[in-house]
Amino acid sequence: MGGRGLALVALDQVGKTYAGRGGAWEAVRSFTLDLQEGEFFCLLGTSGCGKTTLLNMLAGFERPTAGRILLDGASVSGPGADRGVVFQGHDSLFDWLTALDNIGFGLRLRGMGRRERREKAGHFLKLVGLSGQEGKHPSELSGGMKQRIQIARALAADPRILLMDEPFGALDALTRATLQGELSRIWKETGKTVFFITHDIEEACALATRIGVMTRGPGGTLKAVIPVDPPFPRDRTSDGFMAVFRQVHALIHAELAA
Ligand SMILES: Nc1ncnc2c1ncn2[C@@H]1O[C@H](COP(=O)(O)OP(=O)(O)OP(=O)(O)O)[C@@H](O)[C@H]1O
Ligand SMILES: [Mg+2]
């Protein structure tokens, strides 16, 4: 495919209006974006601008009320194994399962045999840097470790795209920086397409191949898309990095001031 061929994901004038108890609320308006295979797209925007709503529609948890979403050319009509989702919290892990069995859970649902499953789960456990922790249960793991397991679990299902909603938002600064580095390495090793939501401009500048900035809500939409060119691993003190940071910062702060 490659180049400007068929996009992996096409969001075409996507809108979402919730029918809330206090009346209709337009969360997202006419959002149009193509995601190419292999890219790391970061979506930034002020709180409440509609980022999670967009991710939920991509994941198939919510239906758009306008426009359409295509994945590999087919309309998204519900959740599917072709999309791996990682949320901010870590409560989606099963505490009665070990780290290894959490990672292999989706494979079990798909009917994969125990040996193959353990082998595959072990591979992804290693990929996220948790070798030796396979027998622990989520309550015996740190917040950062639990996020690693969520990432490993999402990757083990071999999705077409990884959807991440502020996956490192609840972590301390040091763990956060470490996991950013790990995710970037994993992205390169696996060649996965990533759609990543964050509030953190520096995080987006460190990880993304493109950054999308949204307008503030209601009716949040895509305001600008900025290609991020500095080579990986990125030097956060380099002029190239700073230049992108400044550009994104200005776009976001114009929305805060609006
Ligand atoms: N189920 C819902 N029913 C009604 N309104 C909703 C619902 N979910 C979200 N909204 C509203 O839609 C808007 C966008 O919410 P959303 O969660 O997508 O924002 P966000 O950009 O992810 O914000 P944050 O950065 O704080 O996570 C908000 O005004 C929110 O109140
Ligand atoms: Mg959100």
Side-chain angles (χ1 to χ4, degrees), residues 9-33 35 40-69 71 76-79 83-93 143 146-147 150-151 154 161-173 175-176 179-180 183 194-208 210-226 245 248-258:
V9 173
L11 295 143
D12 180 18
Q13 301 201 37
V14 173
K16 177 72 181 183
T17 298
Y18 290 107
R21 275 180 294 183
W25 181 267
E26 187 184 26
V28 174
R29 181 187 304 161
S30 195
F31 190 105
T32 297
L33 173 71
L35 295 175
F40 197 123
F41 192 94
C42 281
L43 188 64
L44 274 167
T46 55
S47 184
C49 75
K51 301 180 296 297
T52 296
T53 299
L54 261 166
L55 185 132
N56 283 339
M57 290 191 285
L58 263 170
F61 303 147
E62 294 274 4
R63 299 295 300 267
T65 48
R68 55 182 197 153
I69 302 177
L71 178 71
V76 167
S77 58
R83 284 146 289 151
V85 185
V86 179
F87 299 103
Q88 169 166 353
H90 20 72
D91 2 276
S92 77
L93 294 175
K146 286 189 254 198
Q147 281 312 76
Q150 280 214 83
I151 294 168
I161 185 167
L162 212 50
L163 307 174
M164 309 181 88
D165 192 355
E166 309 215 33
F168 307 144
L171 305 174
D172 67 274
T175 308
R176 187 174 183 141
L179 264 99
Q180 288 165 358
L183 179 63
V194 182
F195 181 80
F196 186 104
I197 288 175
T198 180
H199 274 111
D200 183 338
I201 302 174
E202 185 178 332
E203 179 167 77
C205 293
L207 297 175
R210 289 197 297 160
I211 294 174
V213 178
M214 289 181 72
T215 60
R216 61 186 286 177
T221 193
L222 195 57
K223 174 180 178 174
V225 176
I226 294 136
F245 184 96
V248 176
H249 188 274
L251 286 163
I252 300 259
H253 282 260
E255 289 307 308
L256 281 173

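Note that ligands are numbered from 1 as they come in the structure, with each ligand's atoms numbered from 1 the same way.
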Hey, are Lys16 and Glu26 close enough for a salt bridge, meaning a charged N less than 4.0 Å from a carboxylate O?
no
Of all the heavy-atom pairs spanning Gly45 and Ile252, show the shortest one and how long it is.
N-CD1, 4.1 Å
Distance-only polar pair, side chains of Thr65 and Tyr18, donor-acceptor under 3.5 Å
no
With heavy atoms under 4.0 Å as the rule, classify the contact between His199 and ligand 1 as side chain, backbone, both or neither.
side chain
Under 4.0 Å from atom 31 (O) of ligand 1, is there any protein heavy atom?
no
Please tell me whether Glu203 and Thr198 have a donor and an acceptor in their side chains that are separated by less than 3.5 angstrom.
yes
Which protein heavy atom lies closest to atom 29 (O) of ligand 1, and at what distance to 0.1 Å?
Trp25 NE1, 3.0 Å
Establish, yes or no, whether a centroid distance under 6.0 Å links the rings of Phe196 and Phe40.
yes
N/O/S atom of Ser47 inside 2.8 Å of the Mg ion (ligand 2), strictly under:
no
Of Ile69, Val76, Thr53, which is the lone residue that meets side chain to side chain contact (heavy atoms under 4.5 Å, CB included) with Pro64?
Ile69
Closest protein heavy atom to atom 26 (O) of ligand 1, given as residue, atom name and distance to 0.1 Å:
Ser47 OG, 2.6 Å
Would one find an N or O of Gly50, backbone or side chain, under 3.5 Å from an N or O of ligand 1?
yes
For Ser92 and Gln150, which I'm curious about, is there any donor-acceptor pair between the side chains at under 3.5 Å?
yes
Is Gly45 near ligand 1, meaning one of its heavy atoms is under 4.0 Å from it?
no
Will you find, in the side chains of Thr175 and Asp172, an N or O donor that is under 3.5 Å from an N or O acceptor?
yes
Run the contact test for Gly217 against ligand 1 with a 4.0 Å cut-off on heavy atoms, strictly below, and give the result.
no
Ligand 1 and Lys51, any nitrogen or oxygen pair closer than 3.5 angstrom?
yes
Winner among Thr17, Leu55, Thr52 once heavy atoms are compared against atom 17 (O) of ligand 1:
Thr52
Taking side chain to side chain contact (heavy atoms under 4.5 Å, CB included) as the criterion, tell me which of Ile201, Val225, Val248, Leu251 meets it with Ile211.
Val248
Report, in ascending order of atom number, the atoms of ligand 1 lying under 4.0 Å from any heavy atom of Thr53.
14 (C), 15 (O), 16 (P), 18 (O)
What protein heavy atom sits nearest atom 10 (N) of ligand 1, and how far away is it?
Tyr18 CE1, 3.4 Å
Sub-3.5 Å N/O-N/O distance, Gly20 and ligand 1
no
Determine whether Leu43 and Met214 satisfy the following criterion, side-chain contact (heavy atoms from CB on, under 4.5 Å), listing intermediate values before the conclusion.
CA-CA 7 Å; Leu43 188 64; Met214 289 181 72; 3.7 Å; yes
When you measure from atom 23 (O) of ligand 1 to every protein heavy atom, which one gives the shortest distance, and what is it?
Gly48 N, 2.8 Å
What's the shortest distance from atom 12 (O) of ligand 1 to any protein heavy atom, and which residue and atom give it?
Ala27 CB, 3.4 Å
